[in-house]
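First comes the structure, then the notes that go with it.
Residue numbers start from 1 in every chain, and the chains themselves are labelled A, B, ... in the order their sequence lines are given, proteins ahead of strands.
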Number of protein chains: 2
Amino acid sequence: MMKAKDSYHHGDLRHGIIEEAKIWIETKDISSLSLRGIARRLGVSHNAPYRHFADKESLLAAIAEMGFIKLRQWLQQVLEDNTLTPEEGIKALGVKYIEYAISNPAYYRVMYSAYLSDYKKYPSLEKAAEESFTILIETIAQGQQAEVIRSGDTRELAYVCWSLVHGVSMLYLDRQLRSSEMKSIEKLAKLATAMMIEGLAVKK
Amino acid sequence: MMKAKDSYHHGDLRHGIIEEAKIWIETKDISSLSLRGIARRLGVSHNAPYRHFADKESLLAAIAEMGFIKLRQWLQQVLEDNTLTPEEGIKALGVKYIEYAISNPAYYRVMYSAYLSDYKKYPSLEKAAEESFTILIETIAQGQQAEVIRSGDTRELAYVCWSLVHGVSMLYLDRQLRSSEMKSIEKLAKLATAMMIEGLAVKK
DNA sequence: TGGTATATGTTGCTATTGTCAACATTCATC
DNA sequence: GATGAATGTTGACAATAGCAACATATACCA
């Protein structure tokens, strides 16, 4: 199924639309994204995208879903290193999470933008989001079993961790962190996760 | 300057627009917000809002600015209690911040939505945002002077705290925290700030 | 091989929106 | 009471989302 130029059919329009949307969001911004604009860039009629996405929100949902799947893959990489202690694992997950957001701004913006009002309308998106979150939950649970992470509602602890790395990511992407510190976003990520671990640790 | 019904002039249209926009964002969502819709609801011509706001983004900027001013007021209330230790103060600030976000979803959404692409276009907004952040910075600095908060770049520590409470707030507003836990958002806020304090504390 | 259902793309249309320009009315001030 | 400024209105234009009807290519089957 090759892309055939000048042919009636595009070849892989669905994929092309998603890629173009990602570029748009990265270079311009998400609020100006338009299906017609994307169609224009792809040299396709203004209604062609509707053969692949029910509406604009469905396109965003598809992108978000891919974003969560990719996020999970990134986080999974961290777990492949079996030499890490539970604390190191959680810290590494946090840093990796922030790295992901920064490296994939378009994905991350769509995943957590208010443009996707109702997650529940897209079950596969919800599933992908939950699956990436599961990695964090399980890692924390392991730490609790090893008695290096404080006991208590695992999901709640995971929410706190998630909130922290999500906050860092969003503030960074929204350019709320002063430019001088932008260079040291990695440093901030490490500081944040290090502090998080201290809050997670069992009291001695 | 009373609101005069059936008169040519509205009375206080600027204020009315902002209030109506807030209601819209709370009941519907920010992406569907339209100036014409607001004008319609206020029984005013579709272009009347342009006498008060240069464009749609300017309206959002005005709302965001008010949001930051109000946030600062909320946080300031915490500081008025002189009996708090630095740690308690920081914890209370964090909880108050989250309470603010939850109690004022429309404000908070606008303050941190991607719809306001360029903060720098609105200097007074930037100033209001920085001023509310200053409260956190100064409180942490005091804790450092009292040697109960770890030393290091104060602004960076403040960024971590801000990220955490921002993350909790955004995830809550975006309904990413499971409904069963939604009731206990206050509990989550307390847990998060308590963990944060442990990460901030000086090592013993 | 040829024919047909289906997937994919196009054209044309309507309703809505943001925003501009020109005009109307009221208010505030001298 | 007159006049300039503030505020509101009317009418226009371009862009957009999304629907319906139509066109073309593709896949699959007899």
Using a heavy-atom cut-off of under 4.0 Å over every strand shown, decide if A:Arg14 touches base, sugar-phosphate, or nothing. nothing
Using whole Å, what does the distance between atom C1' of nucleotide C:dG9 and atom CG of A:Asp12 come to? 15 Å
Interatomic distance where OH belongs to A:Tyr50 and C1' belongs to D:dA23 [whole Å]: 20 Å
For B:Arg51 and D:dT10, what is the distance between atoms CZ and P respectively, to the nearest whole Å? 13 Å
For B:Lys56 and D:dA15, what is the distance between atoms NZ and P respectively, to the nearest whole Å? 18 Å
Separation of A:Asp55 atom CG from D:dA20 atom P, in whole Å? 14 Å
Pick out which of A:Leu60, A:Asp174, A:Asp29 makes a side-chain contact (heavy atoms from CB on, under 4.5 Å) with A:Arg109. A:Asp174
Residue whose nearest DNA chain D nucleotide is more 5′ - A:Ala54 or B:Pro49: B:Pro49
A:His52 near the nucleic acid: base, sugar-phosphate alone, or nothing, with a heavy-atom cut-off under 4.0 Å? sugar-phosphate
Heavy atoms from C-beta onward define the side chain here; which of D:dA12, D:dT9, C:dT11 lies closest to that of B:Ser45? D:dT9
With no angle test and no hydrogens, is the base of D:dA17 tied to the side chain of A:Arg36 by a donor-acceptor pair under 3.5 Å? yes
Does the side chain of B:Ser124 come under 3.5 Å of the side chain of B:Glu65 through a donor N or O and an acceptor N or O? yes
Using a cut-off of less than 4.0 Å, is there contact between a side-chain N or O of A:Arg40 and OP1 or OP2 of D:dT16? yes
Under the side chain to side chain contact (heavy atoms under 4.5 Å, CB included) rule, what do B:Glu126 and B:Glu130 come out as? Steps first, then yes or no, please. CA-CA 6 Å; B:Glu126 209 176 12; B:Glu130 182 65 25; over 6 Å; no
Donor + acceptor pair across side chains of B:Lys22, B:Tyr107 (<3.5 Å): yes
Rounded to whole Å, how long is the line connecting atom CG of A:Leu13 with atom C1' of D:dA25? 14 Å
Calculate the interatomic distance between B:Leu59 atom CG and C:dG18 atom P; express it in whole Å. 10 Å
Hey, can you tell me if B:Tyr112 and B:His166 have their rings parallel, tilted or perpendicular (30° and 60° cut-offs)? tilted
Here the distance between atom P of C:dT17 and atom CG of A:Leu35, to the nearest Å, is 18 Å
